[in-house]
There are 4 protein chains.
Amino acid sequence: MSSPPPANAPSKGDRTRRRLLDAAAAEIARRGPDGTSLAAVARRAELKAGSVYFHFDSRDHLIEAVLEEGVRESLRILDDAVSALAAPSAAPERLRAAVRAHLRAIEELSDYAMVVLAPPFHTAGDRMPVYRDALRTYLARWTELISDAQDAGVLPGGTDPRSLRDLVLGGLNASGLAGRPVADTARAMESLLGLDDG
Amino acid sequence: MSSPPPANAPSKGDRTRRRLLDAAAAEIARRGPDGTSLAAVARRAELKAGSVYFHFDSRDHLIEAVLEEGVRESLRILDDAVSALAAPSAAPERLRAAVRAHLRAIEELSDYAMVVLAPPFHTAGDRMPVYRDALRTYLARWTELISDAQDAGVLPGGTDPRSLRDLVLGGLNASGLAGRPVADTARAMESLLGLDDG
Amino acid sequence: MSSPPPANAPSKGDRTRRRLLDAAAAEIARRGPDGTSLAAVARRAELKAGSVYFHFDSRDHLIEAVLEEGVRESLRILDDAVSALAAPSAAPERLRAAVRAHLRAIEELSDYAMVVLAPPFHTAGDRMPVYRDALRTYLARWTELISDAQDAGVLPGGTDPRSLRDLVLGGLNASGLAGRPVADTARAMESLLGLDDG
Amino acid sequence: MSSPPPANAPSKGDRTRRRLLDAAAAEIARRGPDGTSLAAVARRAELKAGSVYFHFDSRDHLIEAVLEEGVRESLRILDDAVSALAAPSAAPERLRAAVRAHLRAIEELSDYAMVVLAPPFHTAGDRMPVYRDALRTYLARWTELISDAQDAGVLPGGTDPRSLRDLVLGGLNASGLAGRPVADTARAMESLLGLDDG
DNA sequence: CATGAATGAGGCTTCATTCAT
DNA sequence: AATGAATGAAGCCTCATTCAT
């Protein structure tokens, strides 16, 4: 017979769930949340549409899970990068690390990043509280970083840090989602932010 | 018995067409192109869904008309602003005028701007050549402005001007669409671009 | 001003009505009564759909007028041909004249014939009494001709003449509508009916 | 708890599919392919319109399946009848068997036959290649039979066998579809074709 | 006479969802 | 854990028809 599974191995159900999340992320990245049909996701995951309901309560719950996972992973990458700095580190240094982390997230998360960062998807937040809260946390973290940099004189004070944050994140996302080379984008943004040299 | 209409008065059809475009812009701004149903547009325009076909060939044609008008108007505002400068004017001056024009477009065009600038809508471009071409023209104009600014030493050379362009436009759009005060956004962006003083 | 029209000249309305009938016949011949839309007919007649209602009470009335005209003309051709024979003429001679007249009708009436003779259109008869009655008259005339030929010993007696009539007309119609050369069809049918030589 | 189904029992899906085909045949026979609405078919099959799509890709595919099945069954009946003759059998004998087979098909296939044989339905062939090909095969088989009969001197030579075939099939169809007694129609056609006695 | 504009009904199709198996 | 089958709502579109102009 088959040998017993290792202790922490993902069960069959876990693996199917993962396939569904990946399939949904791919569809959402290509067609947007509204253009994504359960049938298309199921097909991509090699399942029938009805079977999705064994793993998720509804189409919206599946989509929300994808969006939330995207933001949560982005936050993890961001926090890891900032934590990895020799503490205590200066605001500009942290800001530069954040810029790079954000771009790395876009690169590494592929479909999940596309799904999360494209601004118009934010409208989905209305119906999806878990996703909305995760996004708020992510943005709050950035607001802090920006605010600190303003206090340190690296960024212009007297401006709502959220405006600056949107300017920075919006720029990074647009460039990243357009497929510009990450190194290019990073260098240009760091130059604009006056973070050129260590 | 009714007095004759003035020479250039819009006909009843013209007025209905305009109502439809505005209604569609509002819906698209709120739900995205894919989330916009013909019935919702018609309801907003106080028409029945079937009547839309008297004015547009299909839902897609209507949506494309909205997107295209948004970009076209944005381009007009941009070109007007740059042309209004005392010629010949320097690259930085032109860039600053463009930044302000773009923000003004976001403000003035309201729904149409939202519709046009939100990056993910770009996917709609696949099926909508007229919109796609208009968008290309708009982006090309910006690439030029950026490139000139690079040549003038205001922006970092050695970077693909399209990366810089996406950074700038992406930032402005995100900030503008998020409803940040335009003055704030303008000041912050000009500071980042080193355009602070004349 | 314009000179007064000649006494019996068709009025403008008459001419439009004729254009509509011809256009409808063409559409019906190509797509069948159910596949024929008012818009298509109007387009072919270079009118707008709404204008049709000035000339006909409804789409069904227009279609019925076409069908009826087709049968009426076929009957005229048939009666003319039989009347033209040197009276009194024998049954076989009359039958041969009828066969040739029917084929000539198919040829000359073109769209109108196609419209009339294709059996499945008979279902339209349910809603269209004028057409149904005209068709009955036509079929009755043929039943007589067949019956006379049976009495004259040219066709097998002891068979319901209507069965024979359907056999003959069905064959002629199928061959004619399939576009077989009329001479071929006529010769073959006359041979089957034993009408080869005078 | 329920006893296991017999080996070759049709599944629930098979039975629904059959109900749909029958319902569609009935509708087509009564209103023609163009007059047949999905809703009407679904109602007759005691299903909702949308459910049809679980079994067929589109309304056109369903209709084509009906037409094709009608011709295919007719061909089977024809081939069975001719094969059943003591081989080798003479051309006239085969032709007589074919005439009777064709009439039997009209009788047995009921709605399916009506659907298949009514000439104007041929226009449907444009969009329906499977049906078109089946029909061609059927007609080709008849052309052979006719041609052989010509060679054997039973039917007039010097005439395109396809004209003769249309004459014969058109006659049989018209008479069969009009509901004439099959025995009457068979006797009359055999008399016309000179096939009266063995 | 004819058009422009609108309507309401109906048609085809997609889709999220349910449920028995 | 997954499928087969069905549903009902909704979406897009066509069309006969009406009516003011």
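Throughout, a chain's letter reflects where its sequence line sits, starting with A, and its residues are numbered from 1. Because the structure is a prediction, the values reported are computed rather than measured.
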Enquirer: Any Lys/Arg nitrogen of Asp14(D) or Arg18(D) sitting under 4.0 Å from an Asp/Glu carboxylate oxygen of the other?
Expert: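 Judged by the 4.0 Å cut-off on N to carboxylate O distance, Asp14(D) and Arg18(D) do not form a salt bridge.
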
Enquirer: So for the helix from dA2(E)-dT21(F) to dT21(E)-dA2(F), with five pairs setting each end axis, what is the inter-axis angle to 10°?
Expert: 10°

Enquirer: For Asp34(C), is there an ion pair with Arg31(D) - N to carboxylate O distance below 4.0 angstrom?
Expert: no

Enquirer: Between the side chain of Glu64(C) and the main-chain N/O of Tyr131(C), is any donor-acceptor distance below 3.5 Å?
Expert: yes

Enquirer: What integer distance in Å separates Arg43(C):CZ from dT3(E):P?
Expert: 14 Å

Enquirer: Protein within reach of the bases, or only the backbone? For nucleotides 16-21 of chain E, mark each nucleotide 5' to 3' as B, S or -, using heavy atoms under 4.0 Å.
Expert: SBB---

Enquirer: Between dC12(F) atom P and Asp34(B) atom CG, what is the distance in whole Å?
Expert: 11 Å

Enquirer: Closer to the 5' end of DNA chain E via nearest nucleotide, is it Phe54(C) or Glu46(B)?
Expert: Phe54(C)

Enquirer: Apply the test side-chain contact (heavy atoms from CB on, under 4.5 Å) to residues Glu69(C) and Tyr112(C): give CA-CA distance (whole Å), side-chain angles for both, the deciding distance (0.1 Å), then the verdict.
Expert: CA-CA 8 Å; Glu69(C) 173 161 338; Tyr112(C) 285 89; 4.1 Å; yes

Enquirer: I need the CG-P distance between Leu20(B) and dA5(E), as an integer number of Å.
Expert: 12 Å

Enquirer: Please report the shortest heavy-atom distance between Arg30(A) and Arg44(A), naming the atom on each side.
Expert: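 So the minimum-distance heavy-atom pair works out to CD-NH2, 3.6 Å.
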
Enquirer: Can you measure Arg17(B) atom CZ to dA6(E) atom C1' for me and round it to whole angstrom units?
Expert: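 Atom CZ in Arg17(B) sits about 17 Å away from atom C1' in dA6(E).
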
Enquirer: Work out which heavy atom in Ile63(A) is nearest to a heavy atom in Pro33(A); give both atom names and the distance.
Expert: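 Heavy-atom minimum between the residues: CD1-O, 3.8 Å.
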
Enquirer: So, is His55(D) near the phosphate of dG4(F), with a side-chain N or O under 4.0 Å from OP1 or OP2?
Expert: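 So the side chain of His55(D) is outside the cut-off, no N or O lying under 4.0 Å from OP1 or OP2 of dG4(F).
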
Enquirer: Might you point out which heavy atoms bring Ala39(C) and Ala49(C) nearest each other, and give the distance in Å?
Expert: CA-CB, 4.3 Å

Enquirer: Quick one: list whatever passes side chain to side chain donor-acceptor pair (under 3.5 Å) with Arg17(D), sequence neighbours left out.
Expert: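 Residues passing side chain to side chain donor-acceptor pair (under 3.5 Å) with Arg17(D): none at all.
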
Enquirer: Give the rounded distance in Å between these two atoms: CG of Leu47(B) and C1' of dG8(E).
Expert: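 Rounded to whole Å, this separation is 13 Å.
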
Enquirer: OP1 or OP2 of dA2(F) sitting under 4.0 Å from any side-chain N/O of Thr16(A)?
Expert: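 Yes, because at least one side-chain N or O of Thr16(A) sits under 4.0 Å from OP1 or OP2 of dA2(F).
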
Enquirer: Are the side chains of Leu62(C) and Tyr53(C) in contact, using a 4.5 Å heavy-atom criterion?
Expert: no

Enquirer: Specify the residue among Lys12(D) and Gly35(C) whose closest nucleotide of DNA chain F lies further upstream toward the 5′ end.
Expert: Lys12(D)

Enquirer: Using whole Å, what does the distance between atom C1' of nucleotide dA16(F) and atom CZ of Arg127(C) come to?
Expert: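 In whole Å, dA16(F) C1' lies 13 Å from Arg127(C) CZ.
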
Enquirer: Is the phosphate of dG8(F) approached by Lys48(D) (side-chain N or O, under 4.0 Å from OP1 or OP2)?
Expert: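 The answer is yes; a side-chain N or O of Lys48(D) sits under 4.0 Å from OP1 or OP2.
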
Enquirer: Return the value, rounded to whole Å, for the distance between atom NE2 of His61(D) and atom P of dC12(E).
Expert: 15 Å

Enquirer: When the distance from CG of Asp14(C) to C1' of dC1(E) is rounded to whole Å, what number comes out?
Expert: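 Going from Asp14(C) (CG) to dC1(E) (C1'), I get 13 Å.
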
